[in-house]
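Some notes on the structure that comes next.
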Amino acid sequence: MPLQNRVTPSGEIVADPARGLMMGNRGCLHGQGRGLGVSRWRSKLWICCLLDFKGVQRDPMPPGRWTALFFLDEATALAAGHRPCGYCRRRDYVAFREAWRAARWLPRRPLAPELDAVLHRQRTDRSRRKLTHRADIAALPDGVMVRLAGEPGLLIAGRVRPWSFDGYGAPTPPGLSPAGTAGQVEVLTPPSIVAAITAGYRPLVHPSAVAGPPLAGLSPAGAEARVRTHT
């Protein structure tokens, strides 16, 4: 029986046998018996971590400490409102802060509490429901997660690959408007993270995101220039 610790792009925590390629946490969300309580976070610090760091073996639900959450990839974690961990992913954390600074024309890189405060306002409302926003798909960078026909998908080269816990499906056919109306789509990735990706942060994506024949107007090498794939 899988634990309830797999995260969707909309931030929901569900049970699924797929482990994913990244992990993270939002504090201790489970109680006795490893079942989740009502709360879906215990702090504003939502991070995205490496599965394997220095060979340390971790209990995914140590009593009273933290609840390990698992994501298909970083693009999924970013859509849910998580950011790179400053400990196990130091290089990515610094790159993310620099892209955030550049996007906002700040005089210095923001500190972790500053990132977390902004992200918390953008990922959930007072009723603890996922916040989304709408944007023209042509203005969005690769690596952003959108919702199309009620289902999440990853934007790559102006086309959407359907998301699942096991990977990404085939992209929308050429010439098909992902939104069906004037190129507008519902964006799951918080606005500040979209801005950081636009400013140069390259999210890690599952290999299935760039699998198959080259996308129209984007060679495999071009895809790698906009996102990074897990190896």
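Keep in mind that the numbers below use all heavy atoms, side chains included, and drop hydrogens, waters and symmetry copies.
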> Quick one: does Glu74's side chain get under 4.5 Å of Arg89's, heavy atoms only?
Replying inline: yes
> Are Glu98 and Arg109 within salt-bridge range, i.e. N to O under 4.0 Å?
Replying inline: yes
>> Give me the atom names and distance for the closest heavy-atom approach of Leu51 to Gly20.
In response: CD1-O, 3.4 Å
> Taking all non-hydrogen atoms of both residues, which atom of Pro110 and which atom of Leu115 are closest, and how far apart?
Replying inline: CG-CD2, 3.4 Å
> Within a reach of under 6.0 Å around NZ of Lys44, are more than 12 heavy atoms found that belong to other residues, nucleotides or ligands?
Replying inline: no
>> Applying a strict under-4.5 Å side-chain criterion to I, L, V, M, F, W and Y, I'd like to know whether Val187 and Trp100 cluster together.
In response: yes
> Below 4.0 angstrom, N of the basic side chain to O of the carboxylate: do Arg97 and Glu114 qualify?
Replying inline: no
>> Is there a side-chain contact between Val205 and Thr229 in this structure, where contact means two heavy atoms from C-beta onward sitting under 4.5 Å apart?
In response: yes
> If you measure only the distance, is there a donor-acceptor pair under 3.5 Å linking the side chains of Arg161 and Ser208?
Replying inline: no
> If you round to the nearest 0.5 Å, how far is CG of Leu72 from CZ of Arg19?
Replying inline: 13.5 Å
>> Checking Thr76 against Trp163 for the side-chain hydrogen bond (donor to acceptor under 3.5 Å, both in side chains) test, could you report, in this order, the C-alpha distance in whole Å, the side-chain angles of both residues, the deciding distance, and whether it holds?
In response: CA-CA 9 Å; Thr76 303; Trp163 177 94; 3.0 Å; yes
> Are side-chain heavy atoms of Gln122 and Leu131 found at a separation under 4.5 Å?
Replying inline: no
> In terms of hydrophobic clustering (I, L, V, M, F, W, Y; side-chain heavy atoms under 4.5 Å; direct or indirect links), are Leu106 and Val118 co-clustered?
Replying inline: yes
>> Determine whether a donor-acceptor pair (N or O, by modelled atom type, separation under 3.5 Å) exists between the side chain of His133 and the backbone of Leu188.
In response: no
>> Looking at Asp73 and His206, would you say the former's side chain and the latter's main chain have a donor-acceptor pair under 3.5 Å?
In response: yes
>> Give me the atom names and distance for the closest heavy-atom approach of Pro152 to Pro9.
In response: CB-CG, 3.8 Å
>> Working to the nearest 0.5 angstrom, can you tell me the gap between Met22 CE and Leu204 CG?
In response: 5.5 Å
>> Distance check, rounded to the nearest 0.5 Å: Thr124 atom OG1 versus Lys130 atom NZ?
In response: 9.0 Å
>> Looking at Arg108, I'd like to know if its CZ atom is crowded, meaning that more than 12 non-hydrogen atoms belonging to other residues, nucleotides or ligands lie closer than 6.0 Å.
In response: yes
>> Donor-acceptor check, side chain of Thr198 to backbone of Pro141, threshold 3.5 angstrom: yes or no?
In response: no
> Atom CD in Gln4, atom CG in Leu69: separation rounded to 0.5 Å?
Replying inline: 10.0 Å
>> When you compare the side chain of Val185 with that of Arg134, does any pair of heavy atoms fall below 4.5 Å?
In response: no
>> Please check this pair: side chain of Glu12 against backbone of Val7, looking for a donor-acceptor N/O pair closer than 3.5 Å.
In response: no
> Rounded to the nearest 0.5 Å, how far apart are CD1 of Ile137 and CZ of Arg159?
Replying inline: 11.0 Å
> Minimum heavy-atom separation for Val144 to Val194, with atom names?
Replying inline: CG2-CG2, 4.0 Å
> Going hydrophobic residue to hydrophobic residue with side-chain gaps under 4.5 angstrom, can you get from Leu119 over to Tyr93?
Replying inline: yes
>> I want to check something: taking the side chain as every heavy atom from C-beta on, are Asp92 and Tyr201 in contact at a cut-off of under 4.5 Å?
In response: yes
>> Checking Arg104 against Ser192 for the side-chain hydrogen bond (donor to acceptor under 3.5 Å, both in side chains) test, could you report, in this order, the C-alpha distance in whole Å, the side-chain angles of both residues, the deciding distance, and whether it holds?
In response: CA-CA 9 Å; Arg104 291 170 172 251; Ser192 289; 2.5 Å; yes
Run the side-chain donor-acceptor check on residues 77-86: report pairs under 3.5 Å with partners two or more places apart or on a different chain.
from  : atom 1 : to     : atom 2 : distance (Å)
His82 : ND1    : Ile47  : N      : 3.4
His82 : ND1    : Ile47  : O      : 2.8
His82 : NE2    : Arg26  : NE     : 3.0
His82 : NE2    : Arg26  : NH2    : 3.4
Arg83 : NE     : Asp116 : OD1    : 2.6
Arg83 : NH2    : Asp116 : OD2    : 3.2

>> Please report the interatomic distance CH2(Trp46) to NE2(His120), rounded to the nearest 0.5 Å.
In response: 6.5 Å
> Which atom names give the shortest non-hydrogen contact between Leu154 and Ala209, and what distance separates them?
Replying inline: CD2-CB, 3.6 Å
>> For a quick test of reading the model, state the closest non-hydrogen atom pair linking Asp16 to Arg6 and the distance between them.
In response: O-NE, 2.9 Å
